[in-house]
Amino acid sequence: MSSFLNGRSGLRRRSFRNPTEDPLWLKWLLGAVAISFIAVLLLLPLALVFREAFAQGFGAFWAAIREPDALAAVRLSLTAAAIAVPLNTMFGIAAAWSVAKFDFRGKTLLVTLIDLPFSVSPVVSGLIYVLVFGMQGWFGPRLADHDTHILFALPGIVLATIFVTFPFVARELIPLMIDQGRDEEEAATTLGASGLTTFLCVTLPNIKWGLLYGVLLCNARALGEFGAVSVVSGHIRGQTNTMPLHVELLYDNYDYVGAFAVATLLAMLALVTLVLKSLLEWRYAGELAAAHRH
Amino acid sequence: MSATGLKLAGRRHLLPGLRLSLAFTLFYLTGIVLVPLLALLLRPLSMGVDGFWAAIWTPRVLAALRLSFGMAFLAAAIDAVFGFVIAWVLVRYRFPGKTILDAVIDLPFALPTAVAGIALSTLYAPNGWAGALLAEFGIRIAYTPWGVLVAMTFIGLPFTVRTLEPALHDVGLDVEEAAATLGANRVQTILRVVLPMLLPSLLTGTAMAFARGVGEYGSIIFIAGNIPALSEIAPLLIVTKLEEFDYAGAAAIGVVMLMASFGMLLALNGLQGWAAKRR
């Protein structure tokens with residue numbers, strides 16, 4: 001067979017070209033298009049953030065970071081994330097446990113509803129809480145009677161953050177735990193392990209990297225959320241401004257060094273998230289949901 | 001109750017914790033997501049049909065909705081074309097730095113939208129790196145509707161690339177080899193074998209990019225210039241109405257956008273079902 005092919009190609013004096021291999025010129029062309037599109041659309045803005053932050057030297061950058069309102073914004077963002085991320089993690093584990101380990105009616109609907117916040121506009125995500133807790137909202141007047149502040153205060157910011165980061169952990173864990181099945185947990189239970197022991201000693205080691213993956217993305221979004229938080233925050237400088245809102249305020253006041261200095265903190269967060277995410281995908285591919293395996 | 005008890009005793013529910021985990025899941029889902037969304041959906045009832053239409057049917061609101069949906073469609077189309085090329089290069093070719101390039105794709109997911117917004121705005125402003133270059137050709141991006149397009153393209157790119165990559169892996173060279181053996185040339189193979197196999201993923205990714213673009217706020221408002229009826233997107237108009245304490249007007253636009261989200265979600269579920277069936 002091979003001698004026949006060789007003989008034939010020898011006869012026609014044509015070298016064999018793999019039919020699924022693109023010609024070199026096309027490789028170069030497509031490669032150039034892809035790389036330049038990524039460079040212009042994605043990398044150029046990122047480079048500009050760092051360039052602008054240090055436009056007036058390191059001193060100006062450092063002064064902008066150390067400014068009390070900037071520090072207050074960092075503190076508020078960290079506080080909101082420190083409440084929202086653990087709550088959504090607990091929810092994600094509970095949702096994945098019930099969906100993956102049991103059969104019940106309406107499961108598909110439940111999974112769809114869990115994903116719902118991802119398809120809602122950030123501004124609408126903030127608006128719904130205004131309609132619940134605002135002065136013209138459902139509970140607004142009653143809350144005002146008790147002097148309880150939800151909107152334009154930490155609780156509102158936390159609620160909006162929880163909403164926009166709601167699905168991250170759950171949507172990572174649900175497919176992963178469905179893939180892993182129930183055999184190991186059932187074996188543990190049969191051998192007499194309690195529910196908690198089964199979860200901690202059997203399930204958790206199996207899902208830990210997937211869980212970390214979900215928490216990582218949830219945290220990045222929680223610290224960086226802008227639209228939803230913007231609607232419920234009230235924009236009080238030094239009090240209810242999160243980091244992204246502080247960036248907006250400085251930028252609108254033509255304080256570009258200040259805006260981009262705080263923006264570098266958020267950009268660093270994004271870069272660290274991307275590196276950790278890629279590491280997880282590369283090192284623990286088998287232990288993440290199938291969608292993230294490379 | 002007895003039925004649940006029976007089920008729990010049966011073999012299918014060997015594991016503990018269903019009631020606790022499901023109760024917490026439903027409680028949290030209802031409190032955080034469903035009740036607030038209901039507050040928005042029920043709001044138009046207090047306005048009446050006429051009030052609702054009066055809030056929507058103004059030139060400014062219609063222009064904002066047209067801009068958000070139109071530009072999101074255009075941006076999704078651009079992301080589909082370039083996303084296909086990028087996914088093809090990342091899956092099929094081997095070159096140094098590929099891992100880094102692949103990781104960079106997710107930047108719009110990871111970078112907070114406000115940061116992307118001020119960076120794009122500064123970049124495409126008439127005195128910015130890209131803006132100055134384009135100004136020489138008489139092209140203005142920042143503070144025009146085209147700024148909206150740039151920001152939406154930025155924010156949507158990961159969706160098309162990330163849904164196409166695994167699908168391209170699945171196509172496999174053997175199918176293309178078979179096509180070539182049967183006498184198809186390269187263009188025929190791509191158009192009639194590879195693209196049809198990728199179509200569900202391509203449509204899914206494009207729909208996701210579109211949905212994200214329609215609702216996007218943070219990365220757009222800085223670059224758009226926000227001129228009413230020209231470069232003002234629908235989410236911004238909601239914010240403006242809230243700042244004017246026009247809750248009814250804000251809720252009316254919010255309901256339209258939420259309905260569009262529901263529609264997209266249904267379409268995406270349908271697409272994914274179709275894609276799963278074709279596997």
Side-chain angles (χ1 to χ4, degrees), chain A residues 19-20 27 30-31 33-34 37-38 41-46 48-49 52 91 94-95 97-98 101-103 112-114 116-117 119-124 127-132 136 138 162-163 166 182 185-186 189 195 220 224 226-227 231 244 247-248 251 259 263 266-267 270 273-274 278, chain B residues 12-18 21-22 24-25 28-29 32-33 36-37 39-40 43 82 85-86 88-89 93 95 101 103-104 106-107 110-116 118-120 122-123 129 153-154 157 173 176-177 180 211 215 217-218 235 238-239 242 247 250-251 254 257-258 261 264-265 269:
Chain A
T20 58
K27 279 188 182 178
L30 292 182
V33 168
F37 194 75
I38 292 171
L41 193 71
L42 306 184
L43 291 180
L44 209 54
L46 184 68
L48 182 128
V49 171
E52 293 290 320
F91 164 74
W97 180 264
S98 51
K101 306 295 178 193
F102 302 97
D103 298 304
T112 309
L113 287 176
I114 290 173
L116 191 58
S119 34
V120 175
S121 165
V123 169
V124 175
L127 171 70
I128 56 177
Y129 291 106
V130 175
L131 295 178
V132 174
Q136 298 176 38
W138 281 356
I162 289 178
F163 185 94
F166 191 83
R182 305 166 192 179
E185 282 84 0
E186 285 177 352
T189 312
F226 177 71
V231 172
V247 168
E248 180 197 27
Y251 189 83
L266 291 166
T273 304
L274 281 187
S278 302
Chain B
R12 297 182 75 186
H13 290 300
L14 193 62
L15 295 172
L18 172 63
S21 61
L22 194 59
F24 178 65
T25 302
Y28 195 73
L29 178 74
I32 298 283
V33 178
L37 281 177
L40 174 60
R43 192 82 189 183
F82 285 94
V85 173
I86 291 170
W88 185 269
V89 168
Y93 303 164
F95 54 92
L101 205 67
V104 164
D106 280 329
L107 189 69
L111 195 68
T113 53
V115 178
I118 62 169
L120 288 173
T122 310
L123 192 59
W129 291 346
T153 309
F154 172 88
L157 186 67
L173 295 178
E176 287 172 54
E177 277 162 6
Y217 175 71
I238 295 180
V239 174
L242 279 178
Y247 278 34
M257 301 211 56
L258 191 62
S261 303
M264 291 305 298
L265 201 64
N269 271 347

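The chains referred to below are lettered A, B, ... by the order of the sequence lines, with proteins before strands, and numbering in each begins at 1.
Both the backbone and the side chain of B:Ala251 come within less than 4.5 Å of a heavy atom of chain A. Of the two parts of B:Leu265, only the side chain, counted from C-beta on, holds a non-hydrogen atom closer than 4.5 Å to a non-hydrogen atom of chain A. At a 4.5 Å heavy-atom cutoff, the contact between B:Leu242 and chain A is made by side-chain atoms alone. Contact of B:Met264 with chain A is not made at all, since no heavy-atom distance falls under 4.5 Å. Within the 4.5 angstrom heavy-atom criterion, atoms from both the backbone and the side chain of B:Leu29 approach chain A.
Among A:Leu43, A:Val130, A:Ile114, the residue making the largest number of heavy-atom pairs under 4.5 Å with chain B is A:Val130. The residue among A:Leu48, A:Leu266, A:Val124 with the most heavy atom pairs within less than 4.5 Å of chain B is A:Leu48. Highest contact tally toward chain B, considering only A:Val33, A:Leu42, A:Thr189, A:Leu46, is held by A:Leu42 [criterion: heavy-atom pairs under 4.5 Å].
When all heavy atoms of B:Pro36 and A:Tyr129 are compared, the closest pair comes out as CG-CE2, 3.7 Å. Minimum interatomic distance between B:Ser21 and A:Ala94 (heavy atoms only, all atoms of both residues): CB-O, 3.5 Å. In terms of heavy-atom proximity, A:Val132 sits nearest to B:Ala39 at CG2-CB, 3.5 Å.
Here CD1 of A:Ile128 is found 4.5 Å from CG of B:Leu37. Values are rounded to the nearest 0.5 Å. From A:Ser121, atom OG reaches atom CG of B:Leu258 across 9.5 Å, with rounding to the nearest 0.5 Å. Between A:Arg182 atom CZ and B:Leu15 atom CG the span is 7.5 Å, to the nearest 0.5 Å. Note that CG of B:Leu101 is 3.5 Å distant from CD1 of A:Ile38, once rounded to the nearest 0.5 Å.
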Task: A:Leu41 and B:Phe82: CA distance, side-chain angles, deciding distance, side chain to side chain contact (heavy atoms under 4.5 Å, CB included) verdict - done: CA-CA 11 Å; A:Leu41 193 71; B:Phe82 285 94; over 6 Å; no
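Scored by the side chain to side chain contact (heavy atoms under 4.5 Å, CB included) test, A:Ala220 finds A:Thr273 as partners (sequence neighbours excluded). Checked against salt bridge (Lys or Arg N to Asp or Glu O under 4.0 Å), A:Glu248 has no partners two or more places apart in sequence or in another chain.
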